[in-house]
2 protein chains.
Amino acid sequence: MDQQKRATIADVAKLAGVSITTVSRVMNKNYPVKEATRKKVEKAIEELEFKPNLLARGLIHNKTQTIGILTPSIENLFFSEVVKGIDSVIKNKGYTTFLCNTEGDPEQEKLMIDNMKDRSVDGIIAINPRTKNIKSGYYEGISKQIPLVIINGYNRGIHCNYVLNDGEVGTYEALKYLYELGHRDIVFLRGRHSYSYDVKEDIYRKFCEEFKLEFDEDNILIIEDGNGLEAVEQSKVVVEKIIRENDKVSCLFACNDWMAVGALKAAKALSISVPEEFSIIGFDNTIISQITEPSLTTVDQNMSGLGQISGNRICEIIKDRDKENKKIIIETRLIHRNSVAGRL
Amino acid sequence: MDQQKRATIADVAKLAGVSITTVSRVMNKNYPVKEATRKKVEKAIEELEFKPNLLARGLIHNKTQTIGILTPSIENLFFSEVVKGIDSVIKNKGYTTFLCNTEGDPEQEKLMIDNMKDRSVDGIIAINPRTKNIKSGYYEGISKQIPLVIINGYNRGIHCNYVLNDGEVGTYEALKYLYELGHRDIVFLRGRHSYSYDVKEDIYRKFCEEFKLEFDEDNILIIEDGNGLEAVEQSKVVVEKIIRENDKVSCLFACNDWMAVGALKAAKALSISVPEEFSIIGFDNTIISQITEPSLTTVDQNMSGLGQISGNRICEIIKDRDKENKKIIIETRLIHRNSVAGRL
DNA sequence: TTGTATGCGTTATCAT
DNA sequence: ATGATAACGCATACAA
């Protein structure tokens with residue numbers, strides 16, 4: 001194999017007949033260099049195809065132009081769109097991303113963060129981190145060591161930089177929409193572990209109170225795995241069950257589109273037509289909401305925007321590490337498609 | 001902010017009252033150290049929470065325990081599952097991944113590879129790279145500089161390490177399945193730029209010859225963007241058109257599931273029932289094939305396996321850089337679901 | 001304007 | 001068994 005070693009700054013210096021320092025100056029354009037020597041150096045650089053070793057540079061500045069991104073699962077549509085949003089903005093600022101999967105395991109999460117610190121990333125963005133690690137103060141501690149932005153996670157009293165979609169308003173609007181269409185018995189479907197589910201359930205409960213809906217604890221359905229095909233399967237099971245057992249329920253609010261798909265399949269299995277006989281509303285506005293039949297009415301939370309804002313935010317914090325913490329909230333928007341209709 | 005600097009090996013040495021070298025030896029366990037001193041050092045390490053700086057280490061060994069992954073688009077289901085497969089195997093070998101999006105742009109692709117080289121990744125896995133860059137010999141050149149594995153890309157005469165799914169066999173089996181069900185006029189739907197589409201079209205043409213099907217160039221449909229929601233839209237348009245114009249066609253082979261969804265929507269729009277009146281077969285077996293109604297008969301190419309094998313392969317090459325190039329082919333499998341039926 | 005020397009945090013070589 | 005010192009490739013304070 002060719003294995004020809006990469007040229008170093010010393011090689012360039014020798015070829016150009018100048019000192020290492022001069023080459024460095026030409027590279028970084030941070031000190032004046034005589035035009036003639038600059039030409040010489042540039043020629044040498046080109047000839048040797050010299051490109052600086054970013055490791056060496058990082059060692060000196062303790063900066064790597066790298067942002068670590070933590071995600072529970074890259075194969076999940078929600079997260080990949082957020083990642084794309086992040087990528088699109090930080091790329092322009094010369095950063096690249098270091099992506100890690102946690103599989104939703106709190107311990108993995110910590111391990112991965114350690115790994116990133118070892119690799120001297122300049123900042124970390126944690127997408128949907130486990131509530132447990134936020135509450136315990138773990139992330140607050142990390143936040144003091146290294147620039148950190150948390151997406152879709154939050155806890156009062158824990159000081160970090162947060163970027164959140166407004167799950168509260170989104171949920172409220174969706175529920176109100178159903179209410180205005182005449183629905184009174186709304187099933188609520190959530191996954192077990194996530195801050196975002198907690199928020200939504202909270203709103204659901206308050207909503208029932210506010211609108212004096214007959215509240216039934218059994219109308220709150222919980223599945224284990226929140227994102228992906230398993231969520232579809234699990235949701236199908238629990239939704240089928242409740243429709244069979246409670247003939248009053250006329251609609252369902254799902255905490256994400258996967259669950260909504262499961263509900264769709266449950267209705268299909270029971271030969272109940274959506275939306276004519278049963279309405280379903282999803283959350284996230286992932287691509288699958290446009291693929292299903294009928295297409296899903298859902299709450300858009302601007303995932304790409306979520307990523308972009310987080311990307312910008314992390315860059316700000318990196319630049320000025322003493323910036324005070326902020327909680328940025330992104331608006332949601334109800335997307336009307338074909339899975340919701342008025343109550344018969 | 002706390003900003004307390006990370007402890008270095010020197011801090012540990014001082015605290016333990018030994019030399020830097022000894023600490024290094026304790027860390028790496030590669031030289032004998034007296035039990036007593038080892039204890040001392042370990043205690044100091046713990047106390048200072050010392051973790052070695054991977055950048056410094058990388059600078060010496062010119063290794064970073066990092067694998068760069070190039071993907072046209074992380075938000076695409078196909079790629080994210082492959083990435084997950086890669087991740088799952090290399091993680092155990094102490095590597096982490098460096099992920100880059102190319103947006104399918106050949107120039108971006110080169111830029112990203114440069115970037116990875118600058119960051120001294122130990123190896124690169126390129127998923128669905130642009131044919132152009134393979135043909136031009138660009139990747140062959142890279143392959144000589146750094147361990148490289150190409151997933152789902154190939155060109156005869158270009159020497160690289162390839163991992164491919166057997167698109168030929170998969171396509172052939174799908175077509176034969178349709179044929180055996182009585183279909184004779186099969187529409188072929190592909191995207192414009194990708195090796196995998198070329199392979200499939202090639203098989204399609206040969207298949208028509210072999211089975212003496214009346215060949216019609218118009219039955220080959222081409223859309224621009226191959227992956228994602230755009231593909232759905234574009235496919236819908238062209239499929240609607242051909243169904244309207246050619247009443248002989250009774251089924252369609254799509255080069256991926258997105259396109260198949262588009263075809264599904266086209267049929268729906270024309271009130272043609274699938275599979276009773278029109279059969280559709282997809283490719284990839286992404287999760288969407290289980291979400292659509294009807295669910296999609298499709299060709300599974302074991303995306304996770306594709307990733308795992310590539311992960312193992314890159315590790316092999318890294319360990320022994322003089323290993324000869326290999327072309328590894330993964331089997332595909334037809335998944336029977338509900339979008340295909342016999343010809344009326 | 002340019003060059004010398006030192007340091008970033010580690011590991012490897014050579015002594016002792 | 002342990003330690004001093006020279007690399008790794010680059011940037012910069014200081015000198016000239």
Side-chain angles (χ1 to χ4, degrees), chain A residues 3-42 44-45 48-66 94 114-115 117-122, chain B residues 3-42 44-45 48-66 94 114-115 117-122:
Chain A
Q3 291 290 42
Q4 48 186 351
K5 287 190 54 136
R6 248 174 113 107
T8 75
I9 196 171
D11 300 328
V12 177
K14 201 194 305 179
L15 181 61
V18 297
S19 76
I20 295 183
T21 313
T22 305
V23 178
S24 175
R25 283 174 184 144
V26 171
M27 293 290 304
N28 300 312
K29 310 177 199 292
N30 48 358
Y31 283 91
V33 173
K34 193 161 62 174
E35 193 54 27
T37 49
R38 125 160 299 129
K39 288 281 182 216
K40 269 197 307 188
V41 172
E42 276 169 351
I45 287 176
L48 296 174
E49 293 180 21
F50 169 68
K51 306 213 44 203
N53 179 323
L54 263 35
L55 289 180
R57 215 176 241 176
L59 191 56
I60 296 173
H61 294 126
N62 205 24
K63 294 213 169 173
T64 53
Q65 295 298 109
T66 306
D114 274 350
N115 188 278
K117 286 199 298 182
D118 296 346
R119 289 168 191 279
S120 309
V121 298
D122 296 343
Chain B
Q3 290 291 42
Q4 48 186 349
K5 286 188 55 134
R6 248 176 114 106
T8 74
I9 197 170
D11 299 328
V12 177
K14 202 195 302 179
L15 181 62
V18 298
S19 75
I20 295 182
T21 314
T22 304
V23 178
S24 174
R25 283 176 183 141
V26 171
M27 293 289 305
N28 301 311
K29 310 177 199 293
N30 49 358
Y31 283 91
V33 174
K34 195 160 60 173
E35 194 54 28
T37 50
R38 126 160 300 129
K39 289 281 183 216
K40 269 196 306 189
V41 172
E42 276 169 351
I45 288 175
L48 296 174
E49 293 180 22
F50 169 68
K51 307 212 45 203
N53 180 324
L54 264 34
L55 288 179
R57 209 176 251 177
L59 191 55
I60 296 172
H61 296 311
N62 205 23
K63 293 211 170 175
T64 52
Q65 295 298 111
T66 305
D114 274 350
N115 188 278
K117 288 200 297 182
D118 295 346
R119 287 166 192 278
S120 309
V121 299
D122 296 343

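Heavy atoms only: backbone and side chains are in, while hydrogens, waters and symmetry mates are out. It should be emphasised that the depicted structure is a prediction, and the values quoted were computed from it without experimental measurement. Each chain gets a letter, A, B and so on, in the order the sequences are listed, and its residues count up from 1.
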Just to confirm, is there a sub-4.0 Å distance from OP1 or OP2 of dT2(C) to any side-chain nitrogen or oxygen of T37(A)?
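T37(A) to dT2(C) OP1/OP2: side-chain N or O found under 4.0 Å.
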Closer than 4.0 Å, any side-chain N/O of T22(B) to the OP1 or OP2 of dG3(D)?
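True: T22(B) side-chain N/O within range (under 4.0 Å) of dG3(D) OP1/OP2.
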What is the distance from CG of N62(B) to C1' of dT11(C), rounded to the nearest Å?
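Whole-Å distance recorded here is 14 Å.
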Just distance, no hydrogens or angles: give the donor-acceptor pairs under 3.5 Å from side chains in residues 9-16 of chain A, sequence neighbours left out.
| unit_1 | atom_1 | unit_2 | atom_2 | d |
| --- | --- | --- | --- | --- |
| D11(A) | OD2 | T8(A) | N | 2.8 |

Restricting to non-hydrogen atoms, name the atom on V18(A) and the atom on K40(A) that form the minimum distance, rounded to 0.1 Å.
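What the structure gives for the nearest pair is CG1-NZ, 4.2 Å.
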For residues E42(B) and V26(B), report the shortest heavy-atom separation together with the two atoms involved.
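Scanning both residues, the minimum pair turns out to be CG-CG1, 4.0 Å.
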Which letters describe nucleotides 9-16 of chain D, given B = protein heavy atom under 4.0 Å from base, S = only from sugar-phosphate, - = neither?
BBSBBB--
Determine whether a donor-acceptor pair (N or O, by modelled atom type, separation under 3.5 Å) exists between the side chain of T22(B) and the backbone of I20(B).
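The answer is no, because no donor-acceptor pair under 3.5 Å joins these two groups.
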Would you check if the side chain of R119(A) reaches a backbone N or O of T64(B) as a donor-acceptor pair within less than 3.5 Å?
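Side chain of R119(A) to backbone of T64(B): a pair is present.
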Not counting sequence neighbours, which residues clear salt bridge (Lys or Arg N to Asp or Glu O under 4.0 Å) with R25(B)? List them please.
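Listed in chain order: nothing, the list is empty.
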Can you give me every donor-acceptor pair (side chain of residues 49-63 of chain A, partner residue at least two apart or in another chain, under 3.5 Å) with its distance?
| unit_1 | atom_1 | unit_2 | atom_2 | d |
| --- | --- | --- | --- | --- |
| K51(A) | NZ | D118(B) | OD1 | 3.4 |
| K51(A) | NZ | D118(B) | OD2 | 3.0 |
| N53(A) | OD1 | L55(A) | N | 2.6 |
| N53(A) | OD1 | A56(A) | N | 3.2 |
| R57(A) | NH2 | N28(A) | OD1 | 3.4 |

Counterpart residues, side chain to side chain donor-acceptor pair (under 3.5 Å), relative to K117(B) (two or more places apart)
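Applying side chain to side chain donor-acceptor pair (under 3.5 Å) to K117(B) gives Q145(B).
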Five pairs per end, C1' atoms only: what is the angle between the end axes of the helix from dT1(C)-dA16(D) to dT16(C)-dA1(D), to 10 degrees?
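Computed from the C1' atoms at both ends, the axes differ by 50°.
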